[in-house]
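Here is the naming used below: chain letters follow the sequence lines, and residue numbers restart at 1 for every chain.
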Amino acid sequence: MVRVELPDGAIVEAEETESPLDIAGRLGARLKAAVLAAQIDGTTVDAVRPFGEVVAAGTDRPVKLRLLTDRDTEALGVLRHSAAHVMARAVMRLFPDVQLAFGPTTASGFYYDFDLPRPIREEDFAAIEAEMKRIVDDAEPFERFNLPREEALSFCEGLKQGFKVEHIGGGLKEHPTLGFYRQGEFVDLCRGPHIPDAGRIKAFKVVSVAGAHWKGDQGGRPLQRLYGTAFFSKKDLDAYLEQIEEAKRRDHRVLGKRMGLFHIDPDVGQGLVLWLPKGAMIRGTLEEFLKKELIRRGYEPVYSPHIAKLSLYETSGHFPHYRESQFPPMGDNALEEPVKRHFAYLEVLKNWYSASEDKDGVLASAKNYDEAMQKDIGAFSAEGSKLAEKVSAEPSFEGKLFVLRLWLSEQDKYLLKPMNCPHHAMMYKSRPRSYKQLPLRLAEFGTVYRHEQSGELNGMLRVRGLTQDDAHLFCTPEQVEQEFRDTLELTRFVLESVGLHDYRVQLSVRDPGSDKYVGSEENWATAEAALRKVLTESGLNFVTAEGEAAFYGPKADFMVRDALGREWQLGTVQLDYNLPERFGLEYIGADNTPHRPVMIHRAPFGSMERFVGMLIEHFAGAFPLWLAPEQIRVLPLSEKTNEDADRITAKLRDAGFRAVCDKQDAKLQAKIREAQLDLIPYMFVVGPKEAAAGAVAVRDRIEGDLGAMPLEAAIEKLRAEVDARTVRQVAKPSTVAVASAGEANEY
RNA sequence: GCUGCUGUAGCUCAGUCGGUAGAGCGCGUCCUUGGUAAGGACGAGGUCAAGGGUUCAAGUCCCUUCAGCAGCUCCA
């Protein structure tokens with residue numbers, strides 16, 4: 001007997017052989033039909049799993065039971081995982097020689113990785129879905145059984161499922177017994193849980209196919225990953241598909257092109273953004289806004305060049321560490337190779353000469369050496385022949401070495417800057433610093449270049465030249481807490497100013513077991529405590545991620561949710577104990593001895609490219625007045641009022657507005673339609689009546705015709721809206737985001 | 001970078017079996033001079049991503065390159 005406590009507190013008794021589904025049956029036939037899975041003491045299990053298999057023998061306290069139906073998001077994950085099995089079964093029926101890899105659930109559905117001889121194409125989806133429908137209609141149950149590992153191994157070998165065999169021997173080698181699920185002819189190694197039978201899947205769809213690798217390893221066997229999704233109802237599925245359509249309509253690449261915001265041209269380079277006038281206006285407005293705010297908060301704007309000597313980034317550690325994702329250094333001279341070789345050889349000769357008794361013999365060798373060098377360096381290029389001549393002209397080894405060393409020292413290589421911090425560190429270092437001058441806050445919209453893998457590039461969201469709204473705060477360890485607090489406050493202010501209110505913070509701290517971190521134990525402890533304290537005090541929603549800290553310090557990332565419910569990682573605040581060390585930064589403390597400052601990197605927008613890209617999608621292109629590249633379109637009723645409209649446009653520009661006069665030969669309706677489609681916040685119609693009265697007929701993009709008002713009144717109205725940075729409307733998606741599923745089922 | 005898919009006018013797309021390139025929107029000119037989401041007529045616009053191959057003949061079939069998309073892997 002097992003005692004089972006229901007959510008309402010009632011206790012019922014069940015046999016060990018009975019299952020949650022049996023309990024549901026006792027409570028009512030409708031409930032039984034609705035049950036998809038169960039939770040016993042918080043663990044999600046098959047609804048048909050007997051209590052005896054789940055509850056430890058001899059348990060006499062009542063176990064808590066929740067019956068999961070389509071009202072519980074946990075059940076959605078179970079449903080989807082079962083749908084993944086159904087899809088795999090369908091694929092195995094349709095394609096011979098399918099090898100199954102993993103088939104877990106994801107936030108919005110599921111996938112299954114297959115190894116099969118021919119590629120699955122989108123044209124195949126209909127057939128796969130039809131086969132899935134047959135399986136669902138048959139409504140066969142999912143039956144669980146366990147096998148001891150040896151039997152499980154031979155069982156999978158019998159099924160010719162090599163990946164499963166490998167997985168049992170690898171990732172699951174600690175498991176003494178292994179779970180399987182059978183559904184008709186289909187059997188899969190799986191820990192479950194599953195829904196009672198396939199008939200419970202009311203809505204599903206094969207979504208896309210893509211490449212993947214066994215165990216996510218680039219070198220691993222290539223697989224085909226078939227994505228699908230499943231929902232409790234057709235309605236939920238349709239809502240989900242509609243949301244995907246909405247996201248497509250909002251795609252910043254589409255809107256950016258249509259609205260003339262930016263352009264990326266293969267002749268310029270992949271991932272290099274051309275900011276067209278309208279996009280540049282949005283970015284410029286944001287930059288101006290932020291810069292003003294920064295100055296108010298004691299930051300000092302600086303500028304630094306786009307390139308610097310390679311050695312700067314060798315000092316900072318960026319070049320050696322991220323070499324693969326940087327543009328190659330400039331000024332690579334192929335002559336360097338032979339010069340270095342000869343330099344090393346000459347040093348040997350020199351040492352030999354000074355140590356040797358037979359000085360003449362060494363000198364004889366040196367003669368041969370000159371010949372060899374002429375062949376090697378002299379014949380290399382015009383530059384090489386000049387250099388070789390100079391080297392030959394030097395009689396002593398010291399002299400030759402000097403000439404080569406001088407040449408080598410002149411071979412400066414330069415790198416497009418991958419980070420702004422080394423430049424700012426050098427600014428810090430440009431003069432002695434006292435604790436009295438700290439914190440020093442250097443701010444720059446600094447463009448950095450990173451050679452991201454071609455497959456990663458994505459419109460403005462992932463680019464190869466990006467402009468960080470960067471700043472570096474150099475402060476004493478005691479000041480870290482206050483600086484972090486101020487930075488949080490600033491980031492908050494900035495996000496709220498563009499109408500982003502839904503965000504959370506991820507605090508990334510050390511993995512206490514790892515030794516990959518730089519900086520003293522004490523510094524880390526203080527820093528993490530300070531960050532956590534400030535975050536707690538701030539009342540912000542934050543989670544701590546252990547082991548996610550950078551090797552040089554803890555960080556706090558801002559995760560922002562947009563109008564479609566998608567989460568974006570934007571701003572970041574990072575503490576750094578490493579760079580001050582590497583650059584030997586110091587300040588003189590009150591005790592008149594040198595100390596090492598702490599550096600804080602922070603970027604509330606992240607990068608201008610990514611931030612503006614996100615904003616385009618968030619607003620669906622309909623920017624609030626203060627950000628709109630074109631704020632007002634002045635519409636003369638006919639050519640007769642063109643001049644009046646011009647005058648009004650000029651006045652609006654004088655008043656600081658971005659206004660354009662539409663003098664096309666078209667009817668008012670057509671001009672209005674065009675302005676509406678261009679998402680212009682306000683239209684000022686100027687006809688003979690308005691011209692005579694010094695007025696404009698204001699049309700609001702959102703509200704429509706507001707009637708005529710004196711130009712001054714209209715200006716005041718709009719100015720108030722700009723000054724308050726009012727966000728009047730965030731284009732809402734037509735549907736609400738559908739709940740995401742729970743944990744992934746990995747096998 | 002890897003796997004798969006795609007590339008036709010400024011944009012969105014059609015183009016059958018390999019046989020001289022099409023539409024809508026946009027653009028230009030003219031007519032029209034208008035009151036809150038499309039007035040009309042005419043016209044210009046193409047090395048079918050680039051290069052190579054097969055063929056009497058290639059937008060169409062094959063190969064290579066480039067670019068884009070989706071996913072994987074990466075992200076200071």
In whole Å, what separates the C1' atom of B:rU73 from that of B:rG4?
15 Å

Would you measure the distance from the P atom in B:rU3 across to the matching atom in B:rC63 and give it in whole Å?
15 Å

A:Gln326 vs B:rA76: side-chain N/O to OP1/OP2 distance below 4.0 Å:
no

Using 4.0 Å as the upper bound for N to carboxylate O, is an ion pair formed by A:Lys248 and A:Glu245?
yes

Determine: side-chain N/O of A:Asn458 to OP1/OP2 of B:rA70, distance under 4.0 Å, yes or no.
yes

What nucleic acid atoms does A:Pro688 come within less than 4.0 Å of, heavy atoms only: base, sugar-phosphate, or nothing?
base

Rounded to whole angstrom, note down the C1' distance from B:rU8 over to B:rG71.
27 Å

Looking for any heavy atom pair under 4.0 Å, which part of the strands does A:Lys671 touch: base, sugar-phosphate only, or nothing?
nothing

Is a donor-acceptor pair below 3.5 Å formed from side chain A:Gln676 to base B:rA38, judging by atom type as modelled?
no

Which nucleotide, if any, forms a Watson-Crick or G-U wobble pair with B:rG43, using both distances under 3.5 Å?
B:rC27

Any donor-acceptor N/O pair under 3.5 Å between B:rC31 base and A:Asp665 side chain
yes

Should the side chain of A:Gln669 and the base of B:rU36 be counted as holding a donor-acceptor pair, with the cut-off at 3.5 Å?
no

side-chain N/O A:Arg462 vs B:rC74 OP1/OP2, d < 4.0 Å
no

Counterpart base for B:rG7, defined by Watson-Crick or G-U wobble contacts under 3.5 Å:
B:rC66

For a quick check of understanding: with a heavy-atom distance under 4.0 Å over all strands, which category does A:Arg699 fall into, base, sugar-phosphate or nothing?
base

Rounded distance in Å between the C1' positions of B:rA44 and B:rC25:
16 Å

Is the NZ or CZ atom of A:Arg225 positioned over A:Tyr111's six-membered ring, under 6.0 angstrom from the centre and within 45° of the axis?
yes

Start with the C-alpha distance between A:Arg701 and A:Asp678, add both sets of side-chain angles, then the distance that settles side-chain contact (heavy atoms from CB on, under 4.5 Å), and finish with yes or no.
CA-CA 10 Å; A:Arg701 185 185 70 80; A:Asp678 288 349; over 6 Å; no

Span that lies between the C1' atom of B:rA49 and that of B:rG10, in whole angstrom
16 Å

Is there a donor-acceptor pair closer than 3.5 Å between any side-chain N or O of A:Glu131 and the backbone N or O of A:Leu94?
no

If stacking means aromatic ring centre less than 5.5 angstrom from the base's six-membered ring centre, planes under 30°, is A:Tyr322 stacked on B:rA76?
yes

Nearest-Å distance, OH (A:Tyr552) to C1' (B:rC75)?
11 Å

Counterpart base for B:rG19, defined by Watson-Crick or G-U wobble contacts under 3.5 Å:
B:rC56

Using Watson-Crick or G-U wobble geometry with both distances below 3.5 Å, tell me the partner of B:rG35, or none.
none

If pairing means Watson-Crick or G-U wobble with both distances under 3.5 Å, then the partner of B:rC2 is B:rG71

Let's test your reading of the model: under 3.5 Å, does the base of B:rA76 pair with the side chain of A:Ser316 as donor and acceptor?
no

